[in-house]
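Everything below concerns the one structure shown next.
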Amino acid sequence: MINITLPDGSVHQHESGITALEIALGISEGLARNVLAAKVNDEIWDATRPITSDSRVKLYTWSDTEGKAAMWHSSAHLMAAAVEILYPGAKFGIGPNIENGFYYDIDLGDRVITDADFPVIEAKMKELAKQKLGFVRKEVSKAEALKHFEDKGDEYKLELISELEDGTITFYQTENFVDLCRGPHMPNTAFLKAFKILSVAGAYWRGDEKRKQLTRLYGITFPKAKDLTEYLELLEEAKKRDHRKLGKELELFAFSQRVGQGLPLWLPKGTQLRELLENYLKKVQRKAGYQQVMCPHIGNVELYKTSGHYQKYGEDSFKPIQTPVEGEEFFLKPMNCPHHCEIYKVSPKSYKDLPLRLAEFGTVYRYEQSGELHGLTRVRGFTQDDAHIFCTPDQLKDEFKGVIKIVMQIFKALDFKEFITQISLRDPNNKEKYIGSDEVWEKSERAIIEVDQEEGLNGVVEYGEAAFYGPKMDFMVKDALGRKWQLGTIQVDYNLPERFELEYVGSDNEKHRPVMIHRAPFGSMERFVAVLIEHCAGNFPLWLTPNQIMILPISEKYQKYAEKVLNLLNNSDLRARIDERSEKTGRKIRDAEMQKTPYMLIVGEKEELDGSVSIRRHGEGDLGSMQIDEFIKMLNNEIAELIAE
RNA sequence: GCCGAUAUAGCUCAGUUGGUAGAGCAGCUGAUUUGUAAUCAGCCGGUCGGCGGUUCGAGUCCGUCUAUCGGCUCCA
């Protein structure tokens, strides 16, 4: 007999060899039908795996992340089983569950799968699932495992097995499909009711672009058809927030094939939005002791040789441009830091000059591979809200914290509540990718980790994500479809000051080397605007909306009064326009609503007589009427609250 | 860059087995002078992404280039 402890603390005696599924059955049949996996002590197990010693057991169902994981992982096997039947000779790479669904990487030889094949695969999956197939676990020796896949001729599995230790290898079998797999899996396939192959894509074997590209099939499954419908509707909703769609509809930005890919054109409304953001940040920075500077868009190749960027990125940059007579070489500016270092060097510095905070909305140009470009989030020409802080080593942590404060202030003003703080350190196994000594790197990384702890940010450490010259703290936000984008970044750099031989004279009258902080709270204006659009679905905070108010005269007779209202609003720094078309009020309202204009002011005879406006708020409807000055006061209060510090 | 898909009017989209392009919205003109999500009528608008090929004939089939979309790789 063994003792099983359930999460509520109750202890039950069972025969050795009992399974989590059987324990569930002892509680209720309904529960047993829904158990997908179980936590046995600290490991996640198949619910059908015999438990042979005293254990703590927690059951997982569809409502648990772990339950979904087991189900989607099992679904990946099911999909592979279907593919193996439909396309004999297919070889398999890896097939994990992901945040929403699962994928499998498959080598189909010369066969090409397109979305036309999806229904066939879905149908086969459904057919198999109905048969209530199990996922049979089997422990195998390394020799057995290798023999199995040698016989099958699957070099991908052989490679994976060769890296495993004998005695730790397990197979799972579903019908005829046998897979190398650690598990856990759901008890059987009958729980799966809805199947969707979402997309097909190429993916390099083991993420290495020098190796073969396999076909990756993405899919998702659900226990009810209704869940799938809801999920697909959610995806449709997300697409409506897509900044590329809204940017077009709201006339914020555009691209032109003739101008070139990845080179955004900012339209008047988008430019206005961007300038409002810039002015806001400039004001915040001015208060925080920053000074604005400006630099040209090109720089001599020597500048980037000094900084080390040439050696690191020279081959992957836009080719240098040359002067026709002298043959001098210039790079399009890919970053602002080297220029700012040269600004630092213009005059000798004393410790009394530090910290020196140089800020620039610097437009930079980077060669990005064509397949990587994406709306405004990944472009070839963009403007960083850049600044470089030159300080003494003693000042580093306080300066770093000062930057965090600015980032948080911005996120708060724009209502970004959900973001991930990431501590990007270098890859300890791949140090040659980075410049600078171990000592300097350790010092920088320690500083960031300490700041993270002292500020209670709970940053997630990611190795191999550092810049080549120093570690970073990055702030990541998700787009409408859940893809993560880096916005704000703060980087510690001991290397550039070294390479540029930056110095200051300390109170000891000796020369010292300053430390540098690179930072961009927005990241880039392009990416920030993109994520902002998706975040608020185009309903910008009032202070940022290009056109805050649309005045809608009932007819031409009230044009004069509308103009009077417009003047009053403009004089109070509110951005308003008049819809002068000879359309019905219903039509004007509809168009203003579609443009997501926050306030609509309807003016007619009644309003003209008593100096009021009839107010309609976007998405809310009629708010009744108000005196003009009262309305102005209300809006100014609303704006002041939004950007309060 | 790689794998797959897509490209028709300013926008959203139709266009059968190859037979000389169509709708709605937008725009322009006129009428209408309007009270909380689409007033009516007329008109304008297209090298069917570019180039090349097959064919008596190509928006439709083939090749190639460009751009876009979904991934992979990359991201100073």
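Quantities reported herein were computed from a predicted structural model and do not represent experimental measurements. Lettering of chains follows the sequences in order, A, B, ..., and the numbering in each one begins at 1.
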ring-ring contact (aromatic ring centres under 6.0 Å, His included) between Tyr304(A) and Tyr310(A), worked out
CA-CA 5 Å; Tyr304(A) 304 104; Tyr310(A) 180 83; 8.7 Å; no

Across all strands, who's sitting opposite rA5(B) as a Watson-Crick or G-U wobble pair, both distances under 3.5 Å?
rU68(B)

Whichever of Ser317(A) and Gly586(A) has the more 5' nearest nucleotide on RNA chain B, that residue is Gly586(A)

Let me know the distance between NZ of Lys239(A) and P of rC69(B), rounded to the nearest Å.
13 Å

Work out how far the P atom of rG10(B) is from that of rC48(B), and round it to whole angstrom.
12 Å

Leu303(A) atom CG is separated from rA76(B) atom C1', nearest whole Å, by 13 Å

Per Ser555(A) side chain, nearest of listed nucleotides rA76(B), rA37(B), rU34(B)
rU34(B)

Provide the distance between the two C1' atoms, one in rC74(B) and one in rU55(B), to the nearest whole Å.
45 Å

Mutual orientation of the aromatic rings belonging to Tyr104(A) and Phe92(A) [parallel < 30°, tilted 30-60°, perpendicular > 60°]:
perpendicular

rG35(B), rG70(B), rC72(B): which one has an atom nearest the side-chain heavy atoms of Glu605(A)?
rG35(B)

Between rU36(B), rA38(B), rC72(B), which one does the side chain of Arg616(A) approach most closely?
rU36(B)

Expressed in angstrom and rounded to an integer, what is the separation of Leu250(A) atom CG from rG10(B) atom C1'?
16 Å

Between Arg216(A) and Tyr103(A), is NZ or CZ placed under 6.0 angstrom from the six-membered ring centre and within 45° of the ring axis?
yes

Rounded to whole Å, the CD-P distance (Glu583(A) to rC40(B)) equals 10 Å

By the Watson-Crick or G-U definition, both distances under 3.5 Å, rC43(B) is matched with rG27(B)

Phosphate contact (rA76(B) OP1 or OP2) by Lys333(A) side-chain N/O below 4.0 Å
no

Within the structure shown, what part of the strands sits under 4.0 Å from Ala201(A) by heavy-atom distance: base, sugar-phosphate, or nothing?
base

Could you tell me the separation between the CD atom of Gln559(A) and the P atom of rU34(B), rounded to a whole number of Å?
15 Å

Between rA67(B) and Gln261(A), is there an OP1 or OP2 to side-chain N/O distance shorter than 4.0 Å?
yes

Under the 6.0 Å and 45° cation-pi test, does Arg617(A) pair with Tyr599(A)?
yes

Could one point to a donor on the side chain of Tyr367(A) or the base of rG1(B) with an acceptor on the other under 3.5 Å away?
no

Taking rC74(B), rA38(B), rG1(B) as options, the one with an atom nearest any side-chain atom of Ser370(A) is rG1(B)

Any donor-acceptor pair under 3.5 Å joining the side chain of Arg366(A) to the base of rC75(B)?
no

Tyr218(A) side chain, from C-beta outward: closest of rA37(B), rC72(B), rU34(B)
rC72(B)

Can you tell me if Lys584(A) touches the phosphate of rC40(B), counting only side-chain N or O atoms and a distance under 4.0 Å to OP1 or OP2?
no

Between Phe468(A) and Tyr434(A), does the ring centre distance come in under 6.0 Å?
no

Picking from rA67(B), rA37(B), rC72(B), which would you name as closest to the side chain of Gln213(A)?
rC72(B)

Value in whole Å for how far the P atom of rA76(B) lies from NE2 of His388(A)
13 Å

Checking N1-N3 plus N6-O4 or O6-N4 for Watson-Crick, or N1-O2 and O6-N3 for wobble, each under 3.5 Å, the partner of rU55(B) is none

At under 4.0 Å between heavy atoms, what does Tyr103(A) touch on the DNA or RNA strands: base, sugar-phosphate, or nothing?
nothing

Would you classify Gly371(A) as touching base, sugar-phosphate or nothing, given that sugar-phosphate means primed atoms plus P, OP1 and OP2, and contacts are heavy atoms under 4.0 Å?
base

How far, in whole Å, is rC3(B) from rU17(B) if one measures between their P atoms?
30 Å

Which part of the nucleic acid, if any, lies within contact of Gly308(A), taking any heavy atom under 4.0 Å across all strands shown: a base, the sugar-phosphate backbone alone, or nothing?
nothing

How many Å lie between CD on Gln257(A) and C1' on rG50(B), as a whole number?
8 Å

Tyr313(A) side chain near rA76(B) phosphate (N/O to OP1/OP2, under 4.0 Å)
yes

Just to be sure I understand the rule, does Lys606(A) reach a base, reach only the sugar-phosphate, or reach nothing, if contact means heavy atoms closer than 4.0 Å?
base

Tell me whether the side-chain N/O atoms of Arg483(A) come closer than 4.0 Å to OP1 or OP2 in rG70(B).
yes

Nucleotide rC3(B), atom C1' - distance to CG of Leu214(A) in whole Å
10 Å

Any side-chain N or O of Arg587(A) below 4.0 angstrom from OP1/OP2 of rU39(B)?
yes

Report yes if some heavy atom in the side chain of Thr489(A) is under 4.5 Å from a heavy atom in the side chain of Met473(A); otherwise report no.
no

OP1 or OP2 of rG70(B) under 4.0 Å from side-chain N/O of Arg244(A)
yes

Between rU36(B), rA37(B), rC74(B), spot the one nearest the side chain of Gln369(A), thanks.
rC74(B)

Side chains of Val364(A) and Arg366(A): does their closest heavy-atom pair fall under 4.5 Å?
yes

Heavy-atom nearest nucleotide on RNA chain B taken for Gln384(A) and for Leu481(A); more 5' hit belongs to Leu481(A)

Distance check, P atoms only: rC40(B) and rU32(B), in whole angstrom units.
16 Å

Would you call Arg357(A)-Glu399(A) a salt bridge at under 4.0 Å N-O?
yes

Rounding to an integer number of angstrom, what distance separates rG30(B) and rC69(B) when you compare their P atoms?
41 Å

Which nucleotide sits closest to the side chain of Glu372(A): rA37(B), rC72(B), rG70(B)?
rC72(B)

Taking only side-chain N and O atoms of His374(A), does any of them lie within less than 4.0 angstrom of OP1 or OP2 on rG70(B)?
yes

Using a strict threshold of under 4.0 Å (side-chain N to carboxylate O), is an ion pair present between Lys240(A) and Glu237(A)?
yes

Candidates Gln213(A), Lys91(A), Lys212(A) - the one meeting side chain to side chain donor-acceptor pair (under 3.5 Å) with Asp107(A)
Lys212(A)

Using the C1' atom in both, what is the distance from rU47(B) to rU33(B), to the nearest Å?
44 Å

When you compare rC51(B) with rA7(B), how far apart are their C1' atoms, in angstrom units rounded to a whole number?
16 Å

Which value, in whole Å, describes the distance between the C1' atoms of nucleotides rC11(B) and rG45(B)?
13 Å

Watson-Crick or G-U wobble mate for rA14(B), both contacts under 3.5 Å
none

State which of rU33(B), rU73(B), rC74(B) makes the closest approach to the side chain of Ser582(A).
rU33(B)

Which nucleotide in the set rG4(B), rU39(B), rC74(B) lies at the smallest distance from any side-chain heavy atom of Thr114(A)?
rG4(B)

If you look at every strand shown and take non-hydrogen atoms under 4.0 Å, does Val112(A) touch a base, only sugar-phosphate, or nothing?
sugar-phosphate

